[in-house]
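Reading through the structure tokens given below for one structure.
When reading the values below, keep in mind they use all heavy atoms of this one structure, side chains included, and skip hydrogens, waters and symmetry mates. In what follows, residues are counted from 1 in the order of the sequence shown. All of these numbers come straight from a predicted model, not from anything done at the bench.
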Amino acid sequence: MGKMKKWLLGALSVLTLCAVSVGASACGGQNGADGKDGADGKSAYQIWLDNGHTGTQADFLEWLQGDGKDGVDGKDGVDGKDGADGKDGTDGKDGVDGKSAYQIWLDNGYKGTEADFLEWLKGDGVSSAEILQYQRISGKEEYRVIGIGTVSSLDIEIPVTYKGFPVTEIGERAFYEQVYLESVSIPDSVASIGNSAFYGCKSLTSVEISDSVASIGDSAFYNCTSLTSIEIPNSVTNIGGNAFAYCSSLTKIYYNAETATCGICLFTRAGANGDGVTLTIGASVKTLPYELTYVVDEFNKPKITKVVFEEGSVCESIEYTFKNLSSLTSIEIPDSVTSIAEGAFSGCNSLTIYCEAESQPSGWENNWNGGCTVEWGYNKTA
């Protein structure tokens, strides 16, 4: 298309030069006779048509203006340099503060301090797959343990809290005849051990009763035949009948319940399978309860062979706690004791009584020793 335009422009130039040339030759001598007219030259429009184009003169003029096909694209120019960076946008608003794990714990219905939350995180004493069975105590924000649940461990540590609330009771028959259970730790939060709570736990060898426990129910540890020792703390104010009956492997009893009301037959046949039980009377006890060793059938008395009083004892009175305890061979009586009932040790045929007093105090009744051997001025630290 570009070549055709150049050719037409060239043709127009030649025609113009020819006209000038003819005019110039006429400037010489006289004019000759006019020649015949030459044939009319073709217009640019006609030449356009002769070259295969079609259309009006207007179409021809449009064509001259370059509406033909585009020429070959030129090569891309060199990329310009990058412009300067735009300014930073405005900072977004701060997000809402996230809740702490402790707050989420509270929001889910738990109650307690951050320390309680940390205790809860430790699993309440057992793994998440092994959970004791609990019951909410009516009218209180407290729980009691009522069963072993999914726990398979032989050693149980009862937790201080459950779901953020204190565990204050071990329910009636909670661990009844769990014959494979070997040890139990009872925390400071527990105030009550229910009737028959550990009845028949024949593999149970160790129980830790905390200073918070006030009540031990009837038959609570009945027939725990592997239990070797028991400590009854000062906090206990009530012990049910037969609480430790038939604990035939007992070798040590520590009794420090200052004001306890006791049921009968507490230690029926205690220690019967061994060489005997040492009974230690704690420093808080002022008066020994008669029921401590009482049984209905004399044959079933506990096999207590030795009685000692803890250093600093404040015990003031001994009545009939040890009467007819035929297994008893030794007792050490501190000088705090100012009163002993008549015949308090009758029936203790193998007994030797060791007294810190140099001689019989005036408050000790006649025949208080029941005919047993007495040694005065005994100093156990000597």
Side-chain angles (χ1 to χ4, degrees), residues 232 236 238-247 250 252-272 275-380:
I232 301 173
V236 174
N238 180 75
I239 307 174
N242 291 298
F244 302 96
Y246 296 95
C247 293
L250 278 177
K252 295 178 181 179
I253 299 171
Y254 176 77
Y255 180 84
N256 194 35
E258 180 180 354
T259 59
T261 299
C262 300
I264 62 173
C265 305
L266 293 184
F267 290 100
T268 299
R269 292 190 63 76
D275 295 330
V277 178
T278 296
L279 171 62
T280 299
I281 307 300
S284 298
V285 178
K286 290 185 177 182
T287 301
L288 290 173
Y290 169 65
E291 298 87 356
L292 189 60
T293 61
Y294 174 79
V295 294
V296 175
D297 183 351
E298 294 295 324
F299 175 75
N300 289 323
K301 276 201 173 276
K303 194 176 180 179
I304 296 173
T305 56
K306 184 177 182 179
V307 176
V308 297
F309 288 78
E310 193 172 37
E311 189 72 27
S313 173
V314 295
C315 185
E316 298 172 349
S317 174
I318 299 174
E319 295 187 349
Y320 299 105
T321 305
F322 305 109
K323 186 175 181 179
N324 295 321
L325 193 61
S326 59
S327 61
L328 189 59
T329 61
S330 171
I331 184 170
E332 302 168 1
I333 301 177
D335 57 11
S336 61
V337 176
T338 57
S339 172
I340 299 179
E342 183 177 355
F345 294 97
S346 62
C348 300
N349 301 325
S350 302
L351 176 62
T352 298
I353 303 171
Y354 299 90
C355 301
E356 283 188 347
E358 296 293 336
S359 60
Q360 181 176 329
S362 59
W364 295 16
E365 300 289 340
N366 293 329
N367 197 33
W368 63 272
N369 61 324
C372 297
T373 302
V374 178
E375 290 192 13
W376 300 101
Y378 172 73
N379 185 354
K380 62 183 177 182

- Message: Going by side-chain contact (heavy atoms from CB on, under 4.5 Å), name the residues that satisfy it together with Glu358, two or more places apart in sequence or in a different chain.
- Response: none
- Task: Could you check Ile253, Thr293, Leu279 and say which one makes a side chain to side chain contact (heavy atoms under 4.5 Å, CB included) with Phe267?
- Result: Ile253
- Among residues two or more places apart or on two chains, list those pairs meeting side-chain hydrogen bond (donor to acceptor under 3.5 Å, both in side chains) that have a residue in residues 323-351. Glu332-Tyr378
- Item | Any side-chain heavy-atom pair of Pro302 and Val277 under 4.5 Å | no
Listing, residues 363-373 side-chain donor-acceptor contacts under 3.5 Å, not counting sequence neighbours, or none:
{"residue": "Trp364", "atom": "NE1", "partner": "Val337", "partner atom": "O", "Å": "3.2"}
{"residue": "Trp368", "atom": "NE1", "partner": "Gln360", "partner atom": "OE1", "Å": "3.3"}
{"residue": "Asn369", "atom": "ND2", "partner": "Cys372", "partner atom": "O", "Å": "2.8"}

- Query: Would you say the side chain of Ile331 lies within less than 4.5 Å of the side chain of Tyr354, judging by non-hydrogen atoms?
  - Reply: no
- Message: Side chains of Phe322 and Ile304, heavy atoms from C-beta outward: is any pair under 4.5 Å?
- Response: no
- Query: Listed by chain and number, what are the side chain to side chain donor-acceptor pair (under 3.5 Å) partners of Glu310, not counting sequence neighbours?
  - Reply: Tyr254
- Message: Holding to side-chain contact (heavy atoms from CB on, under 4.5 Å), I want the full list of residues that pass it with Ala344, two or more places apart in sequence or in another chain.
- Response: Ile340
- Message: Tell me which pairs pass ring-ring contact (aromatic ring centres under 6.0 Å, His included) where either residue lies in residues 298-320, with sequence neighbours left out.
- Response: none
- Verdict with supporting geometry, Val296 and Ile264, side chain to side chain contact (heavy atoms under 4.5 Å, CB included): CA-CA 8 Å; Val296 175; Ile264 62 173; 4.2 Å; yes
- Query: If we only count heavy atoms from C-beta on, is the Thr261 to Ile239 side-chain gap below 4.5 Å?
  - Reply: no
- Task: Identify the two heavy atoms, one from Glu356 and one from Pro334, that lie closest to each other, and give their separation to 0.1 Å.
- Result: OE1-CA, 3.6 Å
- Contacts of Ala257 that satisfy side-chain contact (heavy atoms from CB on, under 4.5 Å) - sequence neighbours left out: Ile232, Val236, Tyr255, Ala260
- Item | Side-chain heavy atoms of Asn256 within contact of Val285, under 4.5 Å | yes
- Exercise: identify the closest heavy-atom pair between Cys315 and Ser313: N-OG, 3.2 Å
- Message: List the residues meeting ring-ring contact (aromatic ring centres under 6.0 Å, His included) with Tyr290, not counting sequence neighbours, and say none if there are none.
- Response: Tyr294
- Query: Which heavy atom of Cys265 sits nearest a heavy atom of Val295, and at what distance?
  - Reply: SG-CA, 3.9 Å
- Query: Side chains of Val308 and Ile281: closer than 4.5 Å at any heavy-atom pair?
  - Reply: no
